[in-house]
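For reference, the structure is listed below as structure tokens.
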Amino acid sequence: MKTPTRMTLAARALGLASALALTSFAAQAAGYPKLGPLPPPPIPKDNLNTPAKVALGKQLFWDGRLSGDGSTPCVSCHLPALGWGDGGQISRGYPGTKHWRNSQTVLNSAYYNKLFLDGSQTSLERQAPAAAGGAVAGNGDNSVMEMRLRFLPEYVASFKQVFGSDWPRINDAWRAIAAYERTLVSDAKKVPFDRYAKGDKTALNTAQKRGLALFQGKANCIACHNGALVSDQKFYALGVADHPQFKEDALGQVTHRWEWYQKGVSEETYRNAVDDAGLYYITKNPKDKGKWRVPSLRELKYTAPYMHNGMLATLADVVEFYNQGGGTAANKTPILKPLKLSAPEKQDLVAFLEALSMDEPLLADDPKLPGDYQPLSAAVK
């Protein structure tokens with residue numbers, strides 16, 4: 001019988017330690033919704049997906065006519081090649097304004113029960129018009145956008161086919177866009193962690209398995225990032241540093257303070273606003289200032305930069321932020337504590353986070369859009 005070498009014994013010991021750690025940390029994670037592949041996206045009964053509706057929704061997602069001046073279709077802030085965000089810290093915003101938040105990815109948005117970073121909408125059907133009509137986003141007027149669709153014969157025919165209406169109706173446009181967005185989801189067959197969760201123990205490498213153990217144990221990511229979406233969809237204040245735009249950019253301050261004003265706060269409050277209030281805009285509860293909905297950790301590899309204002313550029317930055325116990329905030333969650341992760345542990349955690357993304361990014365070709373407007377008599381033929 002061949003005597004094991006010292007290297008072989010060390011490898012076996014490492015493998016045993018890794019297995020024991022995974023078992024131990026899985027036990028610690030008990031009580032939280034289990035990590036695992038996403039189920040099929042929930043489809044509302046009053047807006048069932050059909051191929052024709054999805055195809056129409058894709059066209060509308062790309063069509064600048066669903067915005068104020070035609071320059072800000074959905075895709076302008078949610079580009080496939082940039083992880084279905086826009087790749088910048090702060091969203092581009094409508095011309096003449098400055099947005100103040102990161103353009104979050106629409107990937108897997110079908111699974112959220114609250115949309116936008118402050119949770120202000122509860123469905124994709126409501127999110128679409130809020131973005132297209134938002135004064136610092138699409139800035140479109142519903143009646144104008146609907147009339148544009150009515151003067152395009154191709155859309156008249158498509159809306160009649162999909163919705164049975166003689167005219168395109170703007171609410172149906174939002175329903176079509178929502179149907180399309182529900183197709184922008186992670187494919188479990190292409191996600192290393194999902195393959196691992198389904199029984200392929202080779203789908204994660206050794207570093208990623210150690211990272212999974214840390215995620216569910218010492219790093220305690222599982223406390224907020226759990227379930228198939230890897231988000232509990234709750235709201236927490238973390239103390240992420242403010243974007244410098246709040247203090248250094250006059251136009252940014254104009255639109256930022258206007259946001260406070262139009263959300264219904266007092267004059268004294270909005271004139272002295274110094275940061276983004278997050279969930280407070282919705283609840284008006286001072287204890288909710290600076291709280292943000294927990295994002296999904298899926299597709300992180302393709303959706304940098306991170307946090308509500310894009311202030312963390314890389315996953316390594318994100319891990320270090322949490323390793324330090326977060327930042328400073330009046331309503332900071334007590335969940336965050338310094339983690340005391342070693343440099344190798346931080347690398348392992350990043351490796352696992354990347355394993356929550358598909359092997360390749362989800363991309364999409366530009367659809368063919370209708371041509372020029374036509375006189376009404378031609379549009380309805």
Side-chain angles (χ1 to χ4, degrees), residues 31-33 89-91 93 97-105 109 111-131 133-137 220-227 229-247 252-297 306-312 318 321-322 324-337:
Y32 295 111
Q89 286 186 315
I90 299 295
S91 178
T97 71
K98 284 284 185 74
H99 213 289
W100 57 93
R101 293 179 186 162
N102 179 254
S103 182
Q104 59 184 323
T105 181
S109 59
Y111 297 93
Y112 285 117
N113 54 39
K114 298 260 187 349
L115 281 301
F116 292 121
L117 290 160
D118 57 13
S120 58
Q121 302 299 330
T122 56
S123 72
L124 289 173
E125 285 79 5
R126 297 182 63 178
Q127 181 272 337
V136 296
N220 199 34
C221 310
I222 194 72
C224 302
H225 295 282
N226 48 57
L229 188 58
V230 204
S231 165
D232 65 5
Q233 304 201 55
K234 296 178 182 179
F235 295 81
Y236 303 96
L238 309 176
V240 177
D242 293 335
H243 194 281
Q245 173 177 290
F246 286 113
K247 294 180 175 64
Q253 291 178 352
V254 169
T255 48
H256 164 228
R257 295 194 182 192
W258 174 86
E259 171 74 0
W260 280 81
Y261 171 77
Q262 66 98 23
K263 293 294 187 185
V265 302
S266 69
E267 179 176 351
E268 180 182 3
T269 298
Y270 82 74
R271 288 193 183 279
N272 293 286
V274 295
D275 53 19
D276 195 342
L279 182 62
Y280 171 79
Y281 291 131
I282 311 304
T283 67
K284 302 302 187 295
N285 184 340
K287 293 182 179 180
D288 288 334
K289 284 186 177 179
K291 290 185 178 180
W292 306 97
R293 188 210 60 211
V294 174
S296 171
L297 298 187
Y306 306 102
M307 315 311 274
H308 69 277
N309 54 10
M311 286 296 287
L312 300 180
V318 173
F321 172 79
Y322 286 107
Q324 296 297 324
T328 301
N331 299 311
K332 182 178 172 182
T333 175
I335 295 174
L336 293 187
K337 305 289 184 184

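Since we're looking at a predicted model, the values are computed, not measured.
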About how many Å separate CG of D118 and CG of D288, when rounded to the nearest 0.5 Å? 11.0 Å
Sole candidate of W292, W100, F116 that passes ring-ring contact (aromatic ring centres under 6.0 Å, His included) when paired with H308: W292
Plane angle bin for W260 and Y281 - parallel if under 30°, tilted between 30 and 60°, otherwise perpendicular: perpendicular
Taking T255 for the side chain and H99 for the main chain, is one N or O donor matched with an acceptor at less than 3.5 Å? no
Heavy atoms only: give me the nearest N285-Y280 pair and the separation to one decimal. O-CD1, 3.2 Å
Please check: side-chain N/O of D232 versus main-chain N/O of N226, any donor-acceptor pairing under 3.5 Å? no
For A130 and Q121, the nearest pair of non-hydrogen atoms, with its separation, is CB-NE2, 3.9 Å
Donor-acceptor pair, R101 side chain versus L117 backbone, under 3.5 Å? no
Considering residues at least two apart in sequence or located in another chain, which fulfil the side-chain contact (heavy atoms from CB on, under 4.5 Å) criterion with T122? R126
S296 vs Y112, side-chain contact (heavy atoms from CB on, under 4.5 Å): CA-CA, chis, key distance, verdict: CA-CA 9 Å; S296 171; Y112 285 117; 3.4 Å; yes
When rounded to the nearest 0.5 angstrom, what is the spacing between CG in L279 and CZ in F235? 5.0 Å
When rounded to the nearest 0.5 angstrom, what distance separates NZ in K247 from CG in D275? 7.0 Å
Side-chain (D276) to main-chain (D242) donor-acceptor, under 3.5 angstrom: no
Could you tell me which non-hydrogen atom of S231 sits nearest to which non-hydrogen atom of V294, and how far apart they are? OG-O, 2.6 Å
Close side-chain approach of L336 and Y236, heavy atoms under 4.5 Å: no
To the nearest 0.5 Å, atom CD1 of I335 lies from atom NZ of K234 at 8.0 Å
Is the count of non-hydrogen atoms from other residues, nucleotides or ligands lying under 6.0 Å from K284 atom NZ greater than 12? yes
For the pair R293 (side chain) and Q233 (backbone), establish whether a donor and an acceptor sit closer than 3.5 Å, ignoring hydrogens and angles. no
Just jot down the side-chain contact (heavy atoms from CB on, under 4.5 Å) partners of N309, sequence neighbours excluded, or say none. I90, V240, H243, M307, M311
Do L115 and L124 come close enough that some side-chain heavy atom pair is under 4.5 Å? yes
Test item: side-chain donor near acceptor, Y270 and W258, under 3.5 Å: no
Between the CD atom in Q127 and the CD atom in E125, the distance rounded to the nearest 0.5 Å is 10.0 Å
